[in-house]
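Below is one structure, written out as structure tokens; comments come after it.
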Amino acid sequence: MTILAYTTTPIEEIPVIRDNLRRAFKTGKSKSIAYRKQQLRALRDLITENIPRIREALAADLHRPAFDADFLEINPLLTEVKLAYDRVAKWAKPEKPAWSFNWFAMKPTIRKEPKGVVLVMSPFNYPLLLTFSPLAGAIAAGNASVMKPSELAPACSALFAELVPKYLDTEMYSIVNGAIPETTKILELQWDHIFFTGGARVARIVLAAAAKHLTPVTTELGGKSPAFIDPKCDLKITTKRLLWGKVVNAGQTCMAPDYVLVPKDFVDTFVNACVDTLKEFFPDGAEKSDSFARIVTPSHFARVKGLLDGTQGKIVFGGSTDADARFIEPTLVVGVKSDDSLIELFGPILPIIAVDSLDEAIEVVNSQDHPLALYIFSKDSAYKAKVLDNTQSGTVAANETMIHYGAEGLPFGGTGPSGSGYATGKYTFDAFTHLRCTIDNPGWVDLILGGRYPPYTVRLEPEKKLRNLSRLFPAIPRNSAAPTR
Ligand code: NAD
């Protein structure tokens, strides 16, 4: 097997690709459920018939262990595709709103319609999952789509450019490869929805470009995801799950725990438990381990190393780096303050903030942007409830990290600066679907609604009927007391 050379799409071809997709979409062929299922089956085959090549490309780009390739990308993607395949007919079925005396005669209906030609932009860190999971939703919803994977994962992006035309309908789905110039061209064009997964800096560029065309955008971004550590946790399980979330993919995960909040008098116990766990994960050190990834590019390596060099905290474990191998050792740093360079880093470094109380920990979190994920390690339901009730975040996991992304039926998404809109399963389908409301009003309804036509003075009787009709429905009662929580 060989890694394919990465080539960018010629800029002048990009508008032609979009126009061709628009023409194909207008034929209406993507609307039939049979077509959507056929393309979802083809997407499944694209993955299952190329697993060794996908693993190889992920290893080339990210030094990704094969187990992680399967566990974090290939398997969750196959689950997403299967779910969309199994449920597409149900999801796409027109819905009736709740029965209403006023409206039932007009047959009010919600049609689930594709938005049109959509754009999926994906990041480097989970290139397969974050390119094709949105695509599964776009196909299920009946759209045509351009996918723009990251130039920072060139082996994967090149593989996608080869496989997509081999398996999927080339009139409807297309990969465009490239960096800033190509993406700038893409963003000049009008799309019917943009599904962007990436960082806040680029999200601002995407949103500004989308605003010119009034294009709706889903933004799946990152954030400073905290972990609350209650001494009343199962410490062994806590450090295993927390540090797995921190070191997997060398910390390059949008919802990796960014920093932990630990009571002052528990820091030493917590650090010792973390050290034991890291030694269990990497008995001969992470550098020699087949189970540890690398930082994606030299410039990202330099950025993470710069953050580590700039910390005001003290390294108590790890800290070694190798620029040539883009290796950063899993590292624990104590004495970190909430404004430290390390608070949002996208690397395998765990900053530990010591706090006097749970209230102080909550204050630290609330002084930052709303995180994408928030983690609580505790066996105490009152502790968990207090954190949940007094913070905001895109998602929450108690006594776990990250795997809630795959929990079937749960929406995944940020809030505020960590993103807007939702992903996975039906939520991705919904992002690409327009809810088109329809009514069909028979003539006899004018026996009741005829009073709306001018001149208003001559037919008082229907107007009176309308007034009487509205009285059928009870008024909202007055407040008797101020609401309490
Ligand atoms: P990024 O924002 O740099 O890149 C995302 C996409 O934008 C890529 O396709 C890239 O080619 C394109 N891009 C880059 N610069 C651009 C520019 N100037 N103009 C137009 N397009 C441009 O993200 P990344 O570094 O590849 O990925 C890491 C980021 O993604 C992190 O911030 C992480 O938190 C976030 N992320 C979020 C999720 C989620 O589901 N919420 C998942 C994974 C990653």
Side-chain angles (χ1 to χ4, degrees), residues 6 8-9 11 14 61-62 72-73 76-77 80 119-134 137 146-154 156-157 160-161 175-189 191 194-210 217-225 245 248-258 295-297 299-301 303-304 343-347 369-374 393-395 402 404-406 410-424 427-428 431:
Y6 177 78
T8 58
T9 306
I11 286 186
I14 294 170
D61 287 334
L62 291 146
L72 300 170
E73 299 217 47
L77 176 58
E80 280 283 291
L119 170 65
V120 172
M121 288 178 68
S122 53
F124 75 79
N125 60 340
Y126 291 91
L128 179 84
L129 180 66
L130 298 175
T131 304
F132 291 109
S133 167
V146 160
M147 287 78 71
K148 212 306 282 177
S150 173
E151 69 281 15
L152 303 186
C156 288
S157 299
F160 303 162
I175 291 275
V176 171
N177 268 335
I180 294 178
E182 292 76 17
T183 318
T184 304
K185 184 61 179 178
I186 294 174
L187 290 172
E188 279 170 17
L189 304 172
W191 303 93
I194 299 175
F195 195 105
F196 173 79
T197 309
R201 185 186 63 80
V202 181
R204 288 189 177 90
I205 297 170
V206 172
L207 287 165
V217 185
T218 300
T219 53
E220 296 283 341
L221 311 178
K224 300 168 183 174
S225 298
V248 78
N249 206 26
Q252 301 164 107
T253 307
C254 57
M255 55 181 160
D258 279 293
I295 301 297
V296 67
T297 59
S299 69
H300 274 276
F301 170 87
R303 183 185 57 76
V304 179
I343 292 301
E344 187 176 0
L345 41 64
F346 229 56
D369 287 343
H370 301 326
L372 177 60
L374 182 149
S393 66
T395 63
M402 310 222 300
H404 56 303
Y405 177 89
L410 291 188
F412 185 84
T415 180
S418 51
S420 66
Y422 301 97
T424 69
Y427 297 98
T428 313

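Please read all numbers here as calculations on a predicted model, not as lab measurements. Numbering of ligands and ligand atoms starts at 1, following listing order.
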* To do: For ligand 1, find out whether one of its N or O atoms is nearer than 3.5 Å to an N or O atom of Ser122.
  => yes

* To do: Run the contact test for Phe196 against ligand 1 with a 4.0 Å cut-off on heavy atoms, strictly below, and give the result.
  => yes

* Kindly indicate, with the supporting measurements, whether the criterion side-chain contact (heavy atoms from CB on, under 4.5 Å) is fulfilled by Phe132 and Glu80. => CA-CA 9 Å; Phe132 291 109; Glu80 280 283 291; over 6 Å; no

* **Protein residue, atom and distance nearest to atom 41 (N) of ligand 1, heavy-atom basis** => Leu221 O, 2.6 Å

* Kindly say whether Val176 contributes a backbone atom to a donor-acceptor pair with the side chain of Thr9 at under 3.5 angstrom? => no

* Determine whether the side chains of Thr395 and His404 contain a donor N or O and an acceptor N or O closer than 3.5 Å. => yes

* Asked: Less than 3.5 Å between some nitrogen or oxygen of Phe124 and one of ligand 1, yes or no?
  -> yes

* Just need the protein heavy atom nearest to atom 4 (O) of ligand 1, so name the residue and atom and give the distance. => Val202 CG2, 4.4 Å

* Asked: Backbone or side chain, does any N or O of Lys148 fall under 3.5 Å from an N or O of ligand 1?
  -> yes

* Hey, does Tyr126 sit under 4.0 Å from ligand 1 if you only count heavy atoms? -> no

* Please state whether Thr184 comes within less than 4.0 angstrom of ligand 1, counting heavy atoms only. => no

* Scan side-chain atoms only and decide if Thr197 and Ser122 contain a donor-acceptor pair under the 3.5 Å cut-off. => no

* **Identity and separation of the nearest protein heavy atom to atom 10 (C) of ligand 1** => Glu151 OE1, 3.6 Å

* Structure fact -> Within the 4.0 Å heavy-atom cut-off, what Glu220 brings close to ligand 1 is both

* Is the closest N or O pair between Gly199 and ligand 1 shorter than 3.5 Å? -> yes

* To do: Return yes when Ile205 approaches ligand 1 closer than 4.0 angstrom through a heavy atom, no otherwise.
  => yes

* To do: Return a yes/no value for Asn125: is any of its N or O atoms, backbone included, closer than 3.5 angstrom to an N or O of ligand 1?
  => no

